[in-house]
Amino acid sequence: MTGPATIEGYLDQLLVALGGRARGVRRVLAEAEAHLEDAAAEGEAAGLTRAEAERQAVERFGPPRDVARRFGRAGALADRRLVAEVMSAAVALTVVGLLAIGASGLVAWGMRATLGDRFVAGDGPGVTYTAARCRDFREYHPEAPTCAAAASAHHADEVSSYRVAAGILGALVAAGAWVWHRRRRRRAPAPALGVLPDGLTAAVAATLFGVVGAGLAVQGLGILVSAGTHAGAGQWLSAAIVSLAVAGAYGVSLLRTLAARTTLA
Amino acid sequence: MTRQQSAGQLDLLLLSVLAGTPRHGYAVIEALRDRSEGAFDLAEGTVYPALRRLEDTGLVASRWTEVDGRRRRVYRISGAGAAALAARREEWTALVRGVDAVLAWAP
């Protein structure tokens, strides 16, 4: 025999051969260990030495790579499960993205209340409007003293309301996904061996939100530095703050996952 | 019975062994061995992926339980599993009856 001759050696090779999420791998190893210990005890009871009993137990269990490969297939459904997990992660990221947009609308609303409409949606130097367009703005905001002030107030309305609407859409999608998920789980329990590695979604999300947040921050700060506090930097900065906060939350989640894996190793 | 033959009917055998009696993996294999009077020569490690596949499709459920001082994953058949067992048992009975009928004509 060329494979492992001891239970410990067998479990080491099985661990190397298995893929998937830590929880699923741990379960496979725990079940295999319990089985091999039972089989070895049975062998000893039949008169074998401990070493012979362990060797017989691991031989009867089958080569670690074969067992691991069968677990890979055991989601006969492995491909379908991969698609389902990717779709699920994509929906989750979409929901978080929409909710983040909604939150940025609230931050923009707060900036507007404290720093003024022009901080959030003021126009840059040189922007002018036709008389007809000014009339439109003044219809929305008759209290505004100037056309530019009415335009800023109107654009600030749009920044806040459209983003909050996106957030509400995100909440509705989340509720729909939750109901669908519950019904699906009632029909069939959640698979124990996940396909996507732990922390992958958090890594993707942290990168995505981090890059987008950094870009938004650069844009907002650029306007702030070059054109001052009345040129609409707030609409970029409000989004940057939320995006970077979400990236930070996903980053913490990722670090916790990595720390757990380090502890396991 | 060869490994290939018994593996082909593994789902039916596992559901049958679990019907009415929740068992952990080792007990499932012992029951298969005892009931078949040693006819089934399965690599024991193949039973666990099969149990997992049945669990993923909702035909069995499992949970960790302390048995004889050791933590074990105990499997039980679900309602859907019981229905699938009844259906597959019928298919198998019909198949055996048909094969027997054909073989009866052999010289």
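Note that the structure is a prediction, hence the values are computed from the model and not measured. Each chain gets a letter, A, B and so on, in the order the sequences are listed, and its residues count up from 1.
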* To do: Could you tell me whether A/Glu31 and B/Arg70 have a side-chain N and a carboxylate O separated by less than 4.0 Å?
  => no

* Using 4.0 Å as the upper bound for N to carboxylate O, is an ion pair formed by A/Glu37 and B/Arg71? -> no

* Does atom CD of B/Glu66 have more than 12 heavy-atom neighbours from other groups under 6.0 Å away? -> yes

* Structure fact -> Of all heavy-atom pairs linking A/Ala39 and B/Tyr26, the shortest is CA-OH, 3.4 Å

* Specify the closest pair of heavy atoms between B/Pro49 and A/Val67, including all atoms of both residues, with the distance to one decimal. => CG-O, 4.1 Å

* Tell me, side chain or backbone of B/Leu51 under 4.5 Å from chain A's heavy atoms, or both, or neither? -> neither

* **chain A contact via B/Ser62 - which portion, at a heavy-atom distance below 4.5 Å** => side chain

* Asked: Which of parallel (below 30°), tilted (30 to 60°) and perpendicular (above 60°) describes B/Tyr48 and A/Phe61?
  -> tilted

* Go through the steps to decide whether B/Arg33 and A/Glu42 satisfy the test salt bridge (charged side-chain N to carboxylate O under 4.0 Å, His left out), and finish with yes or no. => CA-CA 14 Å; B/Arg33 195 189 306 144; A/Glu42 191 180 299; 3.6 Å; yes

* To do: Using non-hydrogen atoms and a 4.5 Å limit, figure out which bit of A/Ala34 sits close to chain B: side chain, backbone, both or neither.
  => both

* Does any non-hydrogen side-chain atom of A/His35 lie less than 4.5 Å from one of B/Arg72? -> no

* To do: Output, in order, the C-alpha distance, side-chain angles, deciding distance and verdict of side chain to side chain contact (heavy atoms under 4.5 Å, CB included) for B/Glu30 and A/Asp38.
  => CA-CA 11 Å; B/Glu30 278 186 321; A/Asp38 281 343; over 6 Å; no

* Asked: If you round to the nearest 0.5 Å, how far is CD1 of B/Ile29 from CZ of A/Arg60?
  -> 8.5 Å

